[in-house]
Amino acid sequence: MHDEGITILMLGDVVGSAGLAALERVLPGLIDRYGADLVTANGENAAIFGITEQDARRMLAAGVDVITGGNHTWEKREFWSFMDGEQRVLRPANYPSPASGRGFVLIEKGGCRFLVINLQGREYMTPVDCPFRTLDKVLLDVRTEAERDGEAPPCLVLLDFHAESTREKEALGFYVDGRVSVFAGTHTHVQTADEKILPERTAYISDLGMTGVLDSIIGMDKAICMERARKQIAYPLRGAEGLANVQGICVRLTKSGKALSIKRFSVA
Ligand SMILES: [Fe+2]
């Protein structure tokens with residue numbers, strides 16, 4: 001924590017081995033440069049698709065505090081039991097029960113208490129449970145449990161909303177304004193230039209972008225993606241090779257969880 005408040009880094013989807021390598025190369029320097037108090041990164045595409053235990057361990061070792069997920073989280077069957085036992089790995093909270101893993105976590109770090117929540121959208125995606133009502137329920141459950149334990153509810157609240165539709169992202173962003181500190185969209189792998197602070201001081205961006213190779217089609221091999229699109233045949237995808245960027249946002253918050261600034265970055 002610094003005099004000016006608390007600093008959060010949220011990183012876009014880590015795509016394939018090139019994305020993982022970039023995370024390991026770049027993230028320690030970013031944490032130093034920004035003086036980050038907490039780091040999240042979406043990991044559901046680290047193993048295109050899905051994520052393995054080894055990928056998750058590499059991300060955590062590189063400095064990620066919480067790994068968020070999405071529609072591809074469950075692709076690697078062996079990851080399910082790891083996710084059940086590792087509270088720093090999330091999957092969207094609004095999957096119909098029963099599903100492995102957890103959708104939110106309370107993290108204590110550097111004398112601060114953070115609540116990180118992961119949700120998934122429904123527009124142009126699998127029709128999971130309502131993200132709006134799920135968010136309300138998570139916040140209510142966390143507040144009720146804190147009050148029962150005689151504690152103040154956490155006010156540093158970070159949300160990864162894994163969704164396709166910008167309209168749905170903006171709708172949820174305004175819905176949670178003032179109740180979460182940072183709203184970060186993920187899933188499209190394309191960083192949006194709409195970072196802003198909403199009226200009730202929630203930092204907002206529609207999509208963080210990706211931690212992957214920019215000279216690609218959303219982090220994948222261009223030739224294969226073009227063939228798939230052109231012929232409508234599901235050729236197996238492969239991650240793009242080459243130098244990857246780490247994309248995301250740096251947000252400064254007051255100790256009471258109100259956004260002071262949001263800055264977008266893309267670092268090679
Ligand atoms: Fe996704």
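Indexing begins at 1, ligand by ligand and atom by atom, following the structure's order.
H187 and H189 have perpendicular rings, their planes meeting at more than 60° on a 0 to 90° scale where under 30° would count as parallel.
Nearest N/O/S atom of H187 relative to the Fe ion (ligand 1): this is ND1. Within E44, the N, O or S atom at minimum distance from the Fe ion (ligand 1) carries the name OE2.
The Fe ion (ligand 1) lies at the vertex of an angle of 90° between the OD1 atom of N71 and the NE2 atom of H162 (rounded to 10°).
Of the possible donor and acceptor atoms, none in the side chain of T186 sits under 3.5 Å from a partner among the backbone N and O of D13. Put simply, the side chain of D207 never gets that close to the backbone of T192: no donor and acceptor are under 3.5 Å apart.
Donor-acceptor pairing under 3.5 Å is lacking for the side chains of D84 and S81.
None of the N, O or S atoms belonging to N42 lies under 2.8 Å away from the Fe ion (ligand 1).
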